[in-house]
Amino acid sequence: MNHMHPHHFGSQTEASPHHPVVAELTDVLKNEPVNEEYYHLVVRCSPEAAAAQAGQFFQLLCPHSGEAQPFLRRPMSVYGMNPQTRELEFLYKVTGAGTRGLATLRPGDQLDVFGPLGTGFTFDPSWRSIVAVGRGAGLATLAPLARSAKERGIHVTAILSARRPDLLVSVDLFRSFGADVVTVTDSRQTSGPANVERILRSLIAENRCDAFFTCGSSRLMRVQQRLAHEFDLPGQVAMEQQMACGIGLCYCCVRDFNVDGEIVSRRVCWDGPVFDLKEALP
Amino acid sequence: MNHMHPHHFGSQTEASPHHPVVAELTDVLKNEPVNEEYYHLVVRCSPEAAAAQAGQFFQLLCPHSGEAQPFLRRPMSVYGMNPQTRELEFLYKVTGAGTRGLATLRPGDQLDVFGPLGTGFTFDPSWRSIVAVGRGAGLATLAPLARSAKERGIHVTAILSARRPDLLVSVDLFRSFGADVVTVTDSRQTSGPANVERILRSLIAENRCDAFFTCGSSRLMRVQQRLAHEFDLPGQVAMEQQMACGIGLCYCCVRDFNVDGEIVSRRVCWDGPVFDLKEALP
Amino acid sequence: MNAVESKVDLSVKIGGLTLRNPIMPASGTFAEGLEKVLDFDRLGACVTKTITRELRTGNPLPRVVERPGSLINAIGIPSKGVAYFLEKTMPHYAGYSTPLVVSISAPTAEGFASLAAELTIPGITAIEANISCPNIEEDGKAFAMRAESTEKVTRELRKATNLPLWVKLTPNTGEMPDVARAAEASGADAVVVANTILSMAIDLKTFRPCLGNVMGGLSGPAVKPIILRQVFQCAKAVDIPVIGCGGISNCDDAVEYLIAGASAVQVGTATFLQPKTMTTIIDDLERFCAHRDIGRVSDLIGGVVIEEADEPDLAWLDPIS
Amino acid sequence: MNAVESKVDLSVKIGGLTLRNPIMPASGTFAEGLEKVLDFDRLGACVTKTITRELRTGNPLPRVVERPGSLINAIGIPSKGVAYFLEKTMPHYAGYSTPLVVSISAPTAEGFASLAAELTIPGITAIEANISCPNIEEDGKAFAMRAESTEKVTRELRKATNLPLWVKLTPNTGEMPDVARAAEASGADAVVVANTILSMAIDLKTFRPCLGNVMGGLSGPAVKPIILRQVFQCAKAVDIPVIGCGGISNCDDAVEYLIAGASAVQVGTATFLQPKTMTTIIDDLERFCAHRDIGRVSDLIGGVVIEEADEPDLAWLDPIS
Ligand SMILES: Cc1cc2nc3c(=O)[nH]c(=O)nc-3n(C[C@H](O)[C@H](O)[C@H](O)COP(=O)(O)OP(=O)(O)OC[C@H]3O[C@@H](n4cnc5c(N)ncnc54)[C@H](O)[C@@H]3O)c2cc1C
Ligand SMILES: Cc1cc2nc3c(=O)[nH]c(=O)nc-3n(C[C@H](O)[C@H](O)[C@H](O)COP(=O)(O)OP(=O)(O)OC[C@H]3O[C@@H](n4cnc5c(N)ncnc54)[C@H](O)[C@@H]3O)c2cc1C
Ligand SMILES: Cc1cc2nc3c(=O)[nH]c(=O)nc-3n(C[C@H](O)[C@H](O)[C@H](O)COP(=O)(O)O)c2cc1C
Ligand SMILES: Cc1cc2nc3c(=O)[nH]c(=O)nc-3n(C[C@H](O)[C@H](O)[C@H](O)COP(=O)(O)O)c2cc1C
Ligand code: FES
Ligand code: FES
């Protein structure tokens, strides 16, 4: 049964008056492939949009690419934001009609973006060192953590997973903000949960894991949930779900969560996309 | 009552096996404004499409221009055709969503055209000299007559009408094929039916009017109908009507005609767009 | 308000209720989140997502699928129940001067009535009865599918509340004018035309329905010509106001509905694509009227011009080619 | 025919009739003109524009108006009468091996029957009864709006002809499965689902309806999700084949209909946009099947996979959000 408790573990409700949400036309500055699957998109936007927090997302009105116009907006995590230069970055995998449309954008084109939406990652001032574990498009979502953590003097160890080394994105970005990066891939057979668990256990042992941050893999999320319980560590997970409105109106993006043994349904766009690691269900 | 007699005064039925109709992607070679209202579009097409006859038309799949995709194709008369170079020309007035979309085409773009459709103008080998009377977008439809008539050794006098001198199109084209051109405009108060009738009467008197060809003005059509009856002269008129299929399937483009005192309904796209001047109703 | 703005009177009357303008959200496409992008005090009304007495889970996922120019949804009616609504949701709207319209649903006429009675309290301006839901007393057929069941549920509702009562109809019936007349006869103050059109989509990769619920309701620009026709037919059939709802994305769409006979309109799916659609329409509507020297937006209502010759009775039933 | 082509069996059965493939035109969107662009001998069937016994003028202009992803038409049924059809139109199809299906209409059940009897002649393979037209014995309500009137007209038709009898339904009713069952019970060999959806559009420059007939029928991609749902419902309701028709533009659309339960499909409006749509779909359908190792296109029919858990009876009636 669906109770949809008004329980917000994130900072959405308090943040809302201070963090306006805008729907606006931005100017495309750059839109280039970074590897076989991903594109890196940079737009110039308003200060409000550029004030996005790590973990928040935008709803992009994707142009069509010869096929029919994608009807709904498409959610994309903030990959980078710079309030000074009013730049906003996205890293997206070309998947279907919407992202194929995005891939047609050229510098000088315009893109309608709506956001920043949802709750971002939050930091506890007492933390010294956190671990970020991401895979696939989840690497895009975790990337801006590197900068936010650094600004707060928190050290990051990033475990970045992909099918092949050439599909690993954000590695340089994490490093540029002083993070330690461990890359694991399927092709090298280093990405299995057992190996990641081994790496995580040694980080915990070395006191380098005050909290888990994860996105993009249920398997790796479950590993972290187990360790979080075992060592009583906090954690946050950024989740995905198909969206229509992106701002809590339509209830199409719900997921179930386990809150103290009770299953509750929450809207990913509004109550998340960042949720308490321990409550998340795969 | 609608009888839709199978009476084709044009050459549609006989011509059909010899004149294939194609739906194809053409390459835009040129698309430029010729004055405040009209664009001149040139595409490279197949030999079949380039074999269009004067008076025939194409159904153009217009791209969208930021607004919604125009749903139906839009009919456009052939303004020029060259089977050697496989070039096809259109002259169009920017009116609504469809033609606004056309105006966005650039050389190198593609345009989906369907045609040639309908019956073209026909010539009687006995004619020496004909008169073409056009106004507005009708000038585009009449323009290729100049070439066809010349190829048959028939002299053309063209009376071209527009609101203002700068909106007169095809004047040079008519002249380049040896036609005599008389221009009449509203701004110079020379375009009224009385003045055009005066000009036509003197052409008839001088034996320079074996047949009337007209398009684009009901007022001027009525003048010619009167003179055609008075002097027992033949004539052809190219008519317009909103279209959906363009090839006789849907019956949305019907107009009434007076055939020996009986009102019959005909499809402009299939039985026309060129009709017997004397049968046309405004 | 400056002089330019005050030239056009945007207000409309829905029964005894005067709205500051004819633009309001469609139920299920509006919630507190939208505060972040527009001022609720500019809207003609606030209309809540449909609530039920009990807790309800809603439908299995996926709950939406897109099609060209349209959305199919099968959200179901996830509801935290009426107690939660009164305690948590309602106070949220107390800060606004805009009328709060609460959409309700129930599986029986009696259930509708008791819910309406419970909601007949200060702070709630009107009840919108979403009778497009299955009537368990009629084998699960939606109330609004037939005139008789509409009459019954509306009569019970009318007895239960003295608030303005709007009845939201389903477009999935061939008897809409009769259904609208039944709502009017049994005391509705307005009819909302209409809910979504029952639809389906299949995933060609898996051969499974795209929606967890198999079928869902179509909304968005694709449905506009259909619902506009239903608004026109219903406005001819009844004297109470008709509130139009279906595929409205811009001011032109809203005006088309008003001149077809709607006294106000609801905007749903368009808000998902452009969150400020409602306030944009309000601004543009004012401009539309000013531009054409129309002093009162209410003068547009039912303004479609139909020539006698255009109106042979049978032709309406014979549009089929 | 080469080896690659012959790998997939495209044929389908509609009652006793085997069609070489499931793709055919929709009535009113097909005529001789199309010969110029495609080979009629490749089609599953040829379906004529609806004919009537008498001469008919058709509706006043304008007869069509476009909307996003859709067309609204109010052509009416201009008809040169049955004599003209037999003398002039029919011979045209004699040169083709493709079954000729003649669409007919009449204002009374008796009128339908006598027209069908007259057309029960060599050269005509099947009758498609367009019963979406007003029944003058029922106050102008279309026959296909209700099960009773559908039953009556189908029964008369069945008595009048031994040709395969297809009954084309209207989507403008809330009782389509009942109507389909009525057609089956009274002898139809197949139902065609469906005709156009009653719609309207208003010109904001003139405030007049965009169509001379005020209302018209919606077709094109916008209607696909609605008609697909109706095909699914009807295919569940009857054992005779359902022929799907509404918004099919490409092979994927056709396959979606087949797996929803259609045994064949008709293509209408898409032909106006891309005249070769039907033959393109036939080619692509063969490729679709070959690619997925589907040996017979008929194996696709009704292939939609519905999990038991997805199929709570009420949920179908409760898609509304
Ligand atoms: C909060 C959030 C943040 C995201 N951030 C990123 C990111 O930074 N980079 C990135 O590459 N991708 C990200 N995604 C996934 C991205 O939204 C989808 O890949 C994209 O919507 C696919 O659209 P499409 O039209 O290209 O593909 P299609 O497959 O054609 O999409 C069809 C439908 O499915 C939905 N859909 C498909 N995949 C997903 C998915 N994984 N999650 C949610 N809905 C989906 C689409 O929204 C659409 O409604 C994020 C998703 C969410 C919910
Ligand atoms: C046989 C034929 C030949 C034509 N040749 C030419 C030509 O050479 N040059 C030229 O400039 N124009 C020509 N026209 C007119 C041209 O087709 C219209 O101007 C064009 O369709 C307008 O489309 P739009 O989307 O720009 O305008 P809109 O006004 O948005 O069109 C809306 C609808 O009205 C229809 N429509 C609007 N105006 C006309 C019209 N005059 N005739 C028929 N339908 C119309 C459109 O097809 C469309 O369905 C011709 C028309 C016909 C029938
Ligand atoms: C996601 C979604 C949820 C909806 N929920 C409800 C609801 O709870 N109650 C209701 O009466 N209508 C609901 N509707 C229907 C809308 O109120 C409206 O009638 C329909 O969407 C047509 O309007 P539109 O085309 O502007 O969206 C919902 C529609 C959508 C798209
Ligand atoms: C211009 C036009 C004329 C039509 N004429 C008829 C007709 O005479 N008889 C009929 O049964 N259906 C007629 N229809 C309906 C089509 O046969 C078909 O049911 C409908 O268009 C839906 O299919 P589509 O979306 O593929 O066009 C007509 C449709 C159009 C667009
Ligand atoms: S996407 Fe609408 S509630 Fe989350
Ligand atoms: S446009 Fe279809 S018959 Fe002429």
Side-chain angles (χ1 to χ4, degrees), chain A residues 1-7 12-13 15-25 48 59-62 64 67-75 96-98 112-118 241-256 263-271, chain C residues 25-38 48-50 54-81 84 87-89 92 205 210-212 216 219-222 268-277 280:
Chain A
M1 233 190 261
N2 168 348
H3 303 276
M4 271 160 298
H5 284 203
H7 165 110
Q12 180 71 21
T13 13
S16 67
H18 314 292
H19 294 292
V21 171
V22 292
E24 64 180 26
L25 280 176
E48 290 80 8
Q59 285 270 75
L60 309 186
L61 201 60
C62 305
H64 69 96
E67 333 163 60
Q69 169 72 39
F71 187 70
L72 294 170
R73 287 174 181 259
R74 300 291 194 257
D112 186 327
V113 312
F114 171 41
L117 296 167
Q241 189 63 283
Q242 190 201 16
M243 292 185 179
C245 72
I247 191 163
L249 317 178
C250 73
Y251 288 87
C252 89
C253 65
V254 294
R255 292 189 80 111
D256 284 339
I263 304 298
V264 303
S265 161
R266 289 183 180 145
R267 290 162 290 182
V268 171
C269 73
W270 182 254
D271 303 311
Chain C
S27 174
T29 66
F30 180 76
E32 300 85 87
L34 214 56
E35 272 175 345
K36 298 196 170 212
V37 271
L38 55 84
T48 69
K49 169 91 186 157
T50 299
E54 324 71 29
L55 300 178
R56 285 169 56 96
T57 317
N59 284 327
L61 270 65
R63 290 181 171 186
V64 300
V65 57
E66 65 175 32
R67 280 295 181 253
S70 61
L71 180 69
I72 318 180
N73 90 80
I75 306 290
I77 305 190
S79 169
K80 285 170 250 186
Y84 181 92
E87 195 183 318
K88 303 280 184 182
T89 311
H92 209 96
K205 285 201 211 76
C210 297
L211 295 172
S219 62
T269 307
T271 294
F272 300 171
L273 309 183
Q274 283 300 354
K276 282 181 193 248
T277 300
T280 306

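Proteins get letters first, then strands, A, B, ... in listed order; numbering begins at 1 in each.
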Roughly how far, to the nearest 0.5 Å, is CD of E66(C) from CD of Q69(A)? 9.0 Å
Please name the pair of heavy atoms, one in Q242(A) and one in P62(C), separated by the smallest distance, quoted to 0.1 Å. OE1-CB, 4.1 Å
Once you round to the nearest 0.5 Å, how far does CG of D256(A) lie from OG1 of T57(C)? 9.0 Å
Between V64(C) and C252(A), the two heavy atoms sitting closest are CG1-CB, 3.6 Å
Quick check on the interface: out of G81(C), P68(C), P275(C), who has the most heavy-atom pairs with chain A under 4.5 Å? P275(C)
Testing the basics here: between S70(C) and F71(A), what is the closest heavy-atom pair and its distance to 0.1 Å? O-CD2, 3.4 Å
Please report the closest heavy-atom contact between T271(C) and L249(A), naming both atoms and the distance. CG2-CD1, 3.9 Å
To the nearest 0.5 Å, atom NZ of K36(C) lies from atom CZ of F114(A) at 9.5 Å
side-chain contact (heavy atoms from CB on, under 4.5 Å) between Q274(C) and D112(A), intermediate numbers included: CA-CA 9 Å; Q274(C) 283 300 354; D112(A) 186 327; 2.6 Å; yes
Shortest non-hydrogen separation from L273(C) to L72(A) and the atoms involved: CD2-CA, 3.9 Å
Which bit of Q59(A) comes within less than 4.5 Å of chain C, counting heavy atoms only: side chain, backbone, both or neither? neither
